[in-house]
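Step one of this worksheet: look at the structure below.
When reading the values below, keep in mind they use all heavy atoms of this one structure, side chains included, and skip hydrogens, waters and symmetry mates. Lettering follows sequence order; numbering is per chain, from 1.
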Amino acid sequence: MNDKFLKPYNPQETEGAIYKKWEESGLFNPDECIAQGYTQPDAEPFSIVLPPPNVTGTLHIGHASMLVIEDIMVRFERMRGKRTLWVPGTDHAAIATQSKVEGIIYKEEKKRRHDLGREELLKRVNAFAAESHDTIVNQVRKMGASVDWSREAFTLDAKREKAVNTAFKQMYEDGIIYRGNRIINWDPKGQTTISDDEIVYVEEKGKFYYFKYGPFIIGTARPETKFGDKYVVMHPDDKRYADYTHGQKIELEWINGPISATVIKDESIDMAFGTGVMTITPAHSVVDFDIAQRHKLDSEQIIDKVGKLLPIAGEFAGQKITDARSKIVDKLREKGLIASKEELVKLGVDAEGEADYVHNISTAERTGGVIEPQIMNQWFIDVNKKFILKESKINGVASGSEVSLKELMIAAVEGGQTHILPDRFEKVYFSWINNLRDWCISRQIWYGHRIPVWYKKDAEGNETETYCGFKAPAGSDWVQDEDTLDTWFSSGLWTFSTLGWPDKEEFAKHRMYHPTSVLETGYDIIFFWVARMVLMSTYFLGEVPFKTVYLHGLVRDAQGRKMSKSLGNIIDPLTVSEKYGTDAVRLSLIIGTGPGNDLKMSEDKIRGYKNFANKIWNATRFVLTSVEGANLTTKPALTATDEAYVKELDEVIADVTKEMENFHFYLAGEKLYHYFWHTFADKIIEETKGRIGGGKPSETPVEIDPVSKLSAQWTIYHILTTVIKALHPFMPFVTEEIWSAMPGVGSEEKGGKLLMVEKWPKV
RNA sequence: GCGGGAUUAGCUCAGUUGGUAGAGCAGCUCAUUUACACUGAGAAGGUCGGGGGUUCAAGUCCCUCAUCCCGCACCA
């Protein structure tokens with residue numbers, strides 16, 4: 001027996017060497033598994049793309065949980081003989097990374113992006129990204145993830161740039177990508193547009209004001225947008241305003257003097273809200289913009305890109321909207337334009353002219369800036385436009401049929417080719433698609449894929465020609481679009497841009513891995529990412545991007561709170577891995593969580609699994625000592641008791657295999673844990689002690705029956721080797737280490753073969 | 001407003017088609033030169049959130065209420 005079993009299991013001494021051994025074997029690469037004869041060339045493929053972590057810093061416990069779940073699936077399928085590919089990578093995360101670096105630069109040098117210029121800022125961001133990348137890949141190694149490093153990708157590397165440009169150009173030519181003046185979410189802090197999904201709603205207490213607007217009383221929470229309001233809108237069925245007709249002009253006194261207002265009747269108005277009358281500001285409200293579009297009304301910008309009032313605000317021009325608000329109300333009060341309680345009661349509204357009001361304001365996810373809707377010339381993906389899908393493998397969508405992106409996204413899941421776990425998220429997914437608007441993909445930041453479009457401009461700066469392509473056309477006067485693409489545009493291509501697309505030869509080599517088998521990610525990015533990948537894959541390949549979506553939850557602290565710096569409850573995966581061993585961390589991250597549920601983590605939990613790793617270690621020591629000298633090359637005749645043990649083991653393995661196949665990794669892990677500790681170690685090993693060693697020294701020696709002894713030796717060795725294999729996906733380090741120390745006996749003759757490519761136990 | 005989830009032992013959670021309530025941790029009692037104290041054995045602990053219904057039988061199915069959590073939509 002190997003001397004190292006004389007000491008307790010020491011993960012710190014073991015893990016680095018084990019990972020190195022795996023990596024040097026090349027067996028994380030399925031091609032190498034085939035070359036070395038561990039995988040049949042015609043084996044069923046199993047593929048996962050790693051959700052690429054943002055290069056914004058370091059990995060947190062949530063990333064660790066993702067790595068563990070995926071590694072369990074991948075190791076399980078690899079051991080089952082599948083042609084298993086797990087592609088790693090990182091995400092440039094455009095806004096997130098740039099704003100992080102801008103923050104650092106501002107803190108250290110008090111400089112903003114325009115002080116540095118595009119080139120210098122990109123240099124700094126790239127340097128930061130490179131450093132983050134190195135940290136991240138080391139952390140991925142530390143967690144034991146068996147990813148194929150030879151295929152590592154980055155959302156902003158040359159190959160992905162080619163994919164992004166190819167994708168953009170094709171969508172542009174199909175008219176799916178268009179440029180237009182539409183209302184978008186402007187982040188005044190980040191100085192960029194963001195998509196609807198990048199908005200976070202924050203509850204805010206404010207005032208709701210009732211102003212006299214000619215013969216009407218209008219309600220608003222945003223007096224500062226009201227300067228340009230010249231349309232007054234009400235429901236056509238509202239009896240209170242039956243005397244007014246659509247299109248009627250009314251002269252009235254407003255903030256900065258007399259204006260002419262037009263009455264608009266529109267069914268979108270909620271009669272029960274406020275007075276049932278509102279004025280609209282199409283330039284700064286999505287809802288108002290829609291009304292204006294329906295009735296072909298004009299609009300005027302009131303607020304500029306930094307949140308200051310424009311000249312239309314008259315005396316208030318140049319003021320920040322937050323400062324101007326109360327002053328505007330003061331002015332309206334002086335002019336007697338704030339509605340009285342009596343006037344409101346007449347309209348059936350029980351309120352004051354100024355009422356307390358709680359509403360949600362939109363803020364930018366990354367910068368926290370308060371979103372100001374603006375009408376701007378931006379690039380969009382049209383989700384409703386019909387196009388011909390030439391080749392389709394999607395259920396319910398025939399090749400050559402006319403479809404929209406929305407319809408494709410629905411068909412992927414409705415047709416059952418993509419299944420979301422847990423099921424309830426399919427409903428969430430559908431409701432998102434039903435509310436989906438065109439996706440604004442242009443960003444006014446510098447870090448990211450630059451839009452592959454060039455313009456020719458005349459002397460006044462008006463664009464006279466547009467060209468979409470990888471390089472500017474011949475001629476010197478072409479200027480590239482200043483904007484970059486939403487980071488999710490490039491990550492939407494991830495399932496196939498990592499497999500060689502659009503390079504025909506390269507993609508053909510990997511074609512078998514797409515659709516990928518499983519996408520494992522957090523439920524918080526189902527819209528950002530999962531839906532966008534479905535969009536891109538169905539559009540470009542006519543097939544779904546993945547068969548199963550496994551959504552994991554958030555990792556929370558022992559009390560169920562989110563982990564945050566301010567609460568000081570962060571568990572750093574590297575720290576606890578060093579302290580308790582990665583295997584212990586892995587088990588604590590998988591047991592007690594199913595798809596879609598949050599996981600509560602604590603150091604106590606990790607400590608418990610550290611003990612388990614050592615328990616396995618000690619049990620191995622005992623088994624190896626007990627079988628020393630025994631010839632186990634052939635299965636001996638087993639006693640009835642041992643037959644029963646083997647039968648029970650087979651049942652456990654069958655059950656665990658079933659749980660693994662059903663994505664119930666938490667149950668599989670728990671059952672193995674329980675079986676190993678409380679059945680194998682506590683009962684079976686204890687029972688066989690007497691038969692193998694003749695009883696404890698303190699007890700009366702029992703006569704040893706050689707037949708029963710050999711049967712017991714074979715049985716405990718068989719159970720140990722079997723359970724070690726089954727535990728490998730969960731605890732790869734300690735099991736691989738034990739495996740390397742097992743003598744090559746019986747059917748386990750292995751000649752230095754790694755446990756990671758052993759066959760999963762068959763029943 | 002729309003939708004979803006949770007509520008089971010002190011704590012964290014299992015409980016798959018309805019068939020006598022389970023595990024881990026903590027606590028309690030006992031054991032002890034033992035493969036392993038990073039241990040073992042044992043006992044205790046639950047009217048399964050409340051109420052109603054279906055059924056021979058409900059933690060599980062239906063209705064209802066309560067509390068907590070989450071997502072989406074937002075109203076000017």
Side-chain angles (χ1 to χ4, degrees), chain A residues 1 5-9 196-197 199 201 208-211 218-223 225-226 229 232-234 266 268-281 284-288 291 357 359-362 422-432 434-436 523-524 526-527 553-554 556 558-562 580-581 584 587-588 591-594 596-602 604-605 607-626 655 658-659 662 664 666-667 670-671 673-674 677-678 681-683 685-686 689 693 696-698 716:
Chain A
M1 191 188 64
F5 285 105
L6 298 175
K7 289 186 292 178
Y9 175 60
D196 296 345
D197 300 286
I199 288 176
Y201 292 99
F208 194 76
Y209 305 95
Y210 288 100
F211 298 138
I218 59 156
T220 184
R222 301 202 58 192
T225 65
K226 297 284 135 195
D229 289 9
V232 59
V233 192
M234 62 216 71
D266 192 281
S268 69
I269 300 297
D270 179 359
M271 288 188 265
F273 185 84
T275 59
V277 183
M278 69 171 187
T279 60
I280 56 167
T281 315
H284 302 289
S285 156
V286 175
V287 175
D288 294 2
I291 294 172
Y357 184 55
H359 66 144
N360 290 333
I361 55 164
S362 323
D423 301 346
R424 66 183 133 92
F425 279 99
E426 294 193 352
K427 210 169 168 178
V428 175
Y429 172 86
F430 287 131
S431 72
W432 178 78
N434 290 330
N435 290 317
L436 189 61
Y523 62 69
D524 49 333
I526 181 166
F527 309 136
L554 255 56
R556 296 172 176 277
Q559 282 104 57
R561 301 173 304 177
K562 272 192 185 177
Y580 304 105
L587 264 193
S588 67
I591 294 181
T593 180
N597 290 331
D598 291 350
L599 171 70
K600 292 198 180 89
M601 262 302 262
S602 64
D604 281 342
K605 191 175 173 187
R607 203 173 292 123
Y609 293 117
K610 177 186 189 242
N611 296 352
F612 180 53
N614 195 51
K615 185 77 186 179
I616 301 172
W617 191 253
N618 284 316
T620 303
R621 176 198 305 163
F622 179 80
V623 171
L624 294 186
T625 314
S626 302
D655 189 26
K658 199 190 84 205
E659 299 292 11
N662 292 332
H664 295 155
Y666 59 111
L667 290 178
E670 207 174 330
K671 283 174 178 177
Y673 171 92
H674 199 256
W677 199 317
H678 299 298
D682 290 348
K683 298 201 172 73
I685 287 183
E686 288 303 319
K689 271 180 185 170
K696 293 178 185 178
S698 54
I716 58 171

- With N597(A) via side-chain contact (heavy atoms from CB on, under 4.5 Å) - residues at least two apart: R424(A)
- Query: Going by an N to O cut-off under 4.0 Å, is there a salt bridge joining E686(A) and K683(A)?
  - Reply: no
- Gap between atoms CG and C1', on N618(A) and rA35(B) respectively (whole Å): 6 Å
- Indicate, with yes or no, if the rings of Y580(A) and Y609(A) have centres closer together than 6.0 Å. no
- Hey, does S431(A) reach any base, or is it just sugar-phosphate, or nothing, if we go heavy atoms under 4.0 Å? nothing
- Along RNA chain B (nearest heavy atom to each residue), the more 5'-positioned of K610(A) and H359(A): K610(A)
- Message: Stem finding on RNA chain B, please: runs of three or more consecutive Watson-Crick or G-U wobble pairs, both distances under 3.5 Å, sorted by first number.
- Response: B:1-7 with B:66-72, B:10-13 with B:22-25, B:28-31 with B:39-42, B:49-53 with B:61-65
- When we call it a touch if two heavy atoms are under 4.0 Å apart, what does N435(A) touch: a base, just sugar-phosphate, or nothing? sugar-phosphate
- Message: Applying a 4.0 Å non-hydrogen cut-off, can you work out what S602(A) is touching in the nucleic acid: base, sugar-phosphate, or nothing?
- Response: nothing
- Message: Suppose we screen for ring-ring contact (aromatic ring centres under 6.0 Å, His included). Which residues come up paired with W617(A), at least two apart in sequence or across chains?
- Response: F5(A), Y9(A)
- Item | Between rU8(B) and rG50(B) - P atom distance, rounded Å | 10 Å
- Task: Would you mind reading off the distance between D196(A) atom CG and rA73(B) atom P, rounded to a whole angstrom?
- Result: 8 Å
- Message: According to side-chain hydrogen bond (donor to acceptor under 3.5 Å, both in side chains), who are the partners of D682(A), at least two apart in sequence or on a separate chain?
- Response: H678(A)
- Item | Value in whole Å for how far the C1' atom of rG1(B) lies from CG of D270(A) | 10 Å
- Query: Between atom NE2 in H674(A) and atom P in rA23(B), what is the gap in whole Å?
  - Reply: 7 Å
- Do any side-chain nitrogens or oxygens of K427(A) fall under 4.0 Å of OP1 or OP2 in rG4(B)? yes
- How would you list, by chain and number, every residue that makes a ring-ring contact (aromatic ring centres under 6.0 Å, His included) with Y666(A), sequence neighbours excluded? H664(A)
- Pick the C1' atom in rU17(B) and in rA31(B), then give their distance to the nearest Å. 45 Å
- On a whole-Å scale, what distance lies between the C1' atoms belonging to rU60(B) and rG19(B)? 11 Å
- Query: Which residues satisfy the side-chain contact (heavy atoms from CB on, under 4.5 Å) test with K658(A), sequence neighbours excluded?
  - Reply: D655(A), N662(A)
- Item | Polar pair under 3.5 Å, donor/acceptor by atom type, side chain K615(A), base rC38(B) | no
- Item | d(OH, Y673(A); C1', rG24(B)) in whole Å | 6 Å
- Message: If I pick the C1' atom on rC13(B) and the same atom on rG5(B), what distance separates them, to the nearest angstrom?
- Response: 15 Å
- Query: In whole Å, what separates the P atom of rA35(B) from that of rG40(B)?
  - Reply: 13 Å
- Among the nucleotides rC36(B), rA41(B), rG71(B), whichever has the atom closest to the side chain of D682(A) is rA41(B)
- Query: Hey, what do you get for CD1 (I526(A)) to CG (D524(A)), rounding to the nearest 0.5 Å?
  - Reply: 10.0 Å
- Whole Å only: how far is the CZ atom of R556(A) from the C1' atom of rC68(B)? 12 Å
- Query: Is the backbone of F622(A) close enough, under 3.5 Å, to the side chain of S626(A) for a donor and an acceptor to pair up by distance?
  - Reply: yes
- Figure out the CG/P separation between N662(A) and rU17(B), and round it to whole Å. 12 Å
- Give the nucleotide from the list rG4(B), rA35(B), rC72(B) with an atom nearest to the side chain of R424(A). rG4(B)
- Just jot down the ring-ring contact (aromatic ring centres under 6.0 Å, His included) partners of F273(A), sequence neighbours excluded, or say none. F208(A)
- In terms of side-chain heavy atoms of F527(A), which of rG71(B), rC75(B), rA35(B) is nearest? rG71(B)
- Message: Please find the pair of heavy atoms, one from T279(A) and one from D288(A), that lie closest to each other, and give the distance.
- Response: O-OD2, 4.2 Å
- Task: Check every strand shown and say whether A613(A) touches a base, only sugar-phosphate, or nothing at a heavy-atom separation below 4.0 Å.
- Result: nothing
- Query: Counting any heavy atom closer than 4.0 Å, what does D604(A) reach on the DNA or RNA strands: base, sugar-phosphate only, or nothing?
  - Reply: nothing
- From rA23(B), rC38(B), rA35(B), pick the nucleotide closest to the side chain of P8(A)? rC38(B)
- Message: Is there a side-chain contact between W677(A) and the phosphate of rC36(B), meaning an N or O under 4.0 Å from OP1 or OP2?
- Response: no
- Task: Indicate whether OP1 or OP2 belonging to rG24(B) is found under 4.0 Å from a side-chain N or O atom of H678(A).
- Result: yes
- Expressed in angstrom and rounded to an integer, what is the separation of L587(A) atom CG from rA23(B) atom C1'? 15 Å
- Message: When the P atoms of rG46(B) and rC11(B) are compared, how many Å lie between them, rounded to an integer?
- Response: 13 Å
- Can you tell me, in whole Å, how much space there is between the C1' of rC25(B) and that of rG45(B)? 14 Å
- Message: I'd like to check the side-chain hydrogen bond (donor to acceptor under 3.5 Å, both in side chains) partners of R556(A); sequence neighbours left out, ordered by chain and number.
- Response: D598(A)
- Message: Say we look at rU12(B) and rU29(B): how far apart would their P atoms be, to the nearest angstrom?
- Response: 25 Å
Could you list the protein-to-nucleotides 12-16 of chain B atom pairs, N/O on both sides, closer than 3.5 Å?
unit_1	atom_1	unit_2	atom_2	d
rC13(B)	OP1	K600(A)	NZ	3.0
rC13(B)	OP2	K600(A)	NZ	2.8

